[in-house]
Amino acid sequence: MNKKGDNGQRKIPSWLIVILVFFLITFVMNFVTALNSSTSSLQITYDQFLNLVEAGDVEYVYMDDTQLQIVLKEGITTSDLVEALNGEELPEGIADEENEEAIQYQTLILYTGRIDDTELVSLLREYDVHFSQEIPQQTSVLTSIASWVLPIVIMYLIYFVIMRMVMKRMGGGEGNGMFSGMMGGGIGKSKAKVYNVEERTGVTFADVAGQDEAKESLEEMVDYLKNPGKYQQIGAKQPKGALLVGSPGTGKTLLAKAVAGEAGVPFYHLTGSEFVELYVGVGASRVRDLFETAKKNTPCIIFIDEIDAIGKKRDSGLGSNDEREQTLNQLLAEMDGFETNSGIIVLAATNRPEVLDQALLRAGRFDRRVIVDKPDLPGRENILKVHGRKVALSDDVDFHAIALATSGASGADLANIVNEAALLAVKLGRHMVMQKDLMEAVETVFAGKEKKERVLNPKERQMVAYHEVGHALISALQKDAQPVQKITIVPRTMGSLGYTMNVPEEERYLLTKEEIQAQITMLLGGRAAEIVKFGTATTGASNDIERATDLARKMVTQYGMSDHFGSMGLEKTQDQYLDGRNVSTCSSQTGAEADEEVRRLIDSCQQEAIRLLQENSDAFERITARLLEKENISGEEFMELLREK
Ligand code: ADP
Ligand code: ZN
């Protein structure tokens, strides 16, 4: 696939480039200096210098604070010089071309250290030598060109190296020549592909279970892609795009693929966050590129996952993002740019529809909204069946029971459960998946794997057992709460030391105030057990407390179920397809009152739990003793023990 970064073998690693550039710069510098010094220099001693002056060979002397530079007269021969220097060897390349003997005028510079010599000036005057204070700067044409050009070259190279790194990070890196990245139009036109193409997805609607409404609204698009004529004839316009909205793992991608698969058209898939880069213009050019390719391959489906990454509302002054806006604008322009009946359908998925820019949702763009939500009971059963087709199942498998036990699970969770069960069956040496494997897999997916090697000390084990039986007992004693499926005190990898599994007899869509209260009481049953049995509290109840408080707060602030506030709403939910953050809409004083109300609710539930446990202390002890003995108790066994008298 055209995933980013698959052209790696052509890329020069950036450290190598840095080293190469470094050597290049050093080389150029040396070259320039070499050109510059076509003169040779020779250090001589001060008395050799005096000899030269006295021999009348010197034309000019430049002096500075530390040095004297001596320029010889024209026509001085090498032998004159050697004589004056008492046989000193001369550097090569100073002889005149015509006259081998003569020294080429001004090619040899002699220098010597300066000595505090008061008679030097009169000596120089005597022999008619010119002299001056400063040493002349030798600026050849070459040097001056180099001093202009070299910084530019160096800057360019540094720029180039940085850009290479940036391109690499972007997954770009077009071209193979050193400079093609720059010359080929710069990063803005980066052809880095961020999308995948599947010519045939091989997914059909039969692979998607439990999303019947969603399928229904998408079926029309499939029909259109298959028989566009039928629609054009009547003058009906097809929607250009649909927005699939729902929690993660509910099958949005799967549905989009199924649309492509059913219609038998190519599927262009990309993720919103991959569009947006640090550099302005990249995202926009990628959008353009994608649509250009798609237009050449109609009919087809373009699927943009996580569209909220680019499609956020544009007004938000703080933290506004030029790159994202440009990308979004480009997307809007592209969606307007193709004809309604051109055979491209753009599907996009998000779990935060409320943050999307209104312009995206306007008619002619993503004008359809398809809700793909967490599956209900029959939906879960069907999803389990779809995935169950891929594994060998034993006759005892009852997907209805599994579906009941997995309220709130997404399609992805359920797919995972079936797979875990199959893995478990293999591990146990079976060649079929049995119901108990599936049950175990449910626990694995929600609570983690069993952690047999974690050994609790006897006291802790006892505390955990009482805690769990506390939950179970409260749950069974209140007729409004769900019956118990299983109690265990085997620790799990996801942190629980034991747990009580409740499974409803049927799926519930509405809850009454009494039922929620019963649930809170059940959640606090663990803590109540600690108080009743050990007169203390443990850290093991923290998750229970969090959930109980959550429920109580919702009763007060959202469900209008408190006496104090009546039906007044104090909070609203944001990101309902994610974890559902609650945002307060009331004054801080009212908020404080609400806190007080929540506390009162929880308190009364806690008291109720304690009372129930104290009243049934026989059953409490009996069941705990059995649990400590067996580690796991099934729902039936639990009920038997409870009824025993
Ligand atoms: P999303 O895009 O909504 O986050 P995906 O479509 O990627 O979720 O779903 C992930 C996987 O979960 C799918 O590949 C599929 O195996 C499974 N799955 C999710 N929903 C369903 C469903 N309704 N029916 C069958 N399988 C599903
Ligand atoms: Zn608990």
Side-chain angles (χ1 to χ4, degrees), residues 201-215 218 243-261 267 269 271-272 303-308 347-352 370-376 378-391 399 403 406 409-419 445 447 463-475 487-489 492 495-502 519-530 537-548 577-578 609:
T201 62
V203 179
T204 65
F205 279 145
D207 297 315
V208 191
Q211 300 291 356
D212 294 338
E213 298 77 15
K215 279 197 260 183
L218 294 172
L243 192 64
L244 305 172
V245 178
S247 314
T250 47
K252 298 181 291 296
T253 312
L254 196 67
L255 266 169
K257 278 190 181 173
V259 173
F267 182 70
H269 174 190
T271 302
F303 177 62
I304 307 174
D305 208 354
E306 294 171 27
I307 194 171
D308 41 284
L347 299 176
T350 179
N351 33 42
R352 301 166 67 201
V370 178
I371 306 291
V372 189
D373 215 349
K374 291 250 176 87
D376 55 6
R380 290 198 298 277
E381 200 175 329
N382 286 331
I383 294 174
L384 286 166
K385 279 181 189 154
V386 163
H387 290 279
R389 282 205 299 258
K390 298 169 203 156
V391 298
F399 282 135
T406 48
S410 68
D413 292 333
L414 296 169
N416 195 5
I417 285 171
V418 173
N419 190 48
V445 168
M463 280 184 151
V464 173
Y466 276 105
H467 177 108
E468 294 309 330
V469 175
H471 284 305
L473 201 54
I474 302 284
S475 164
I487 317 173
T488 168
I489 50 169
R492 296 262 163 183
S496 80
L497 298 175
Y499 61 87
T500 306
M501 205 169 145
N502 296 307
Q519 244 182 56
I520 297 175
T521 311
M522 187 274 286
L523 284 167
L524 295 173
R527 167 55 54 86
E530 293 165 2
T538 73
T539 51
S542 66
N543 183 254
D544 302 334
I545 288 172
E546 188 182 321
R547 282 163 61 199
Y577 295 105
L578 291 177

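Position 1 is the first residue of the sequence; numbering continues from there. Read the numbers this way: they start at 1 and go in the same order the structure lists the ligands and their atoms. For the numbers below, each heavy atom of this structure counts, side chains included, while hydrogens, waters and symmetry mates do not.
Counting heavy atoms from C-beta on, the side chains of Leu414 and Arg380 come closer than 4.5 Å.
For residues 464-474, the set of pairs meeting the salt bridge (Lys or Arg N to Asp or Glu O under 4.0 Å) definition, not counting sequence neighbours, is empty.
For Thr488, the side chain to side chain donor-acceptor pair (under 3.5 Å) partners two or more places apart in sequence, or in a different chain, are Asn632.
Near Val208, the atoms of ligand 1 lying under 4.0 angstrom from a non-hydrogen atom of the residue are 23 (N), 24 (N). Counting the atoms of ligand 1 from 1 in the order shown, those under 4.0 Å from a heavy atom of Gln211 are 23 (N). Interface of Asp207 with ligand 1, defined as ligand atoms under 4.0 Å from a residue heavy atom, comprises 24 (N), 25 (C). Near Thr250, meaning under 4.0 Å from one of its heavy atoms, ligand 1 places the atoms 3 (O), 8 (O), 19 (C), 20 (N), 23 (N).
In this structure, Phe303 and Ala348 approach most closely via the heavy-atom pair CE1-C, 4.2 Å. Between Thr538 and Arg527, the shortest heavy-atom contact is O-NH2, 2.8 Å.
Expressed to the nearest 0.5 Å, how far CG of Asn382 lies from CD of Gln211 amounts to 10.5 Å. Taken from CG in Asp207 to CZ in Arg389, the straight-line distance is 6.5 Å, to the nearest 0.5 Å. Here the straight-line distance linking atom CD1 of Ile474 with atom CD of Gln519 works out to 13.5 Å at 0.5 Å rounding.
Comparing Ala209, Gly411, Ser247 by heavy-atom distance to atom 23 (N) of ligand 1, the nearest is Ala209.
Atom 10 (C) of ligand 1 has Ala412 CB, 4.0 Å as its closest protein atom, hydrogens excluded (heavy atom only). The protein heavy atom nearest to atom 4 (O) of ligand 1 is Gly249 N, 2.8 Å. Protein heavy atom closest to atom 16 (O) of ligand 1, with residue, atom name and distance, is His387 CE1, 3.1 Å. Regarding atom 8 (O) of ligand 1, its nearest protein heavy-atom neighbour is Gly251 N, 3.3 Å.
Aromatic ring orientation, His269 versus Phe267: tilted (interplanar angle from 30° to 60°).
Close N/O approach between Leu254 and ligand 1 is found [any backbone or side-chain N/O within under 3.5 Å]. At a 3.5 angstrom cut-off on N or O pairs, Ile383 does not count as close to ligand 1. For the pair Thr253 and ligand 1, the shortest N or O to N or O distance falls below 3.5 Å. Geometrically, ligand 1 and Pro248 share no nitrogen or oxygen pair separated by less than 3.5 Å.
Rounded to 10°, the angle formed at the Zn ion (ligand 2) by His467 NE2 and Asp544 OD2 is 90°.
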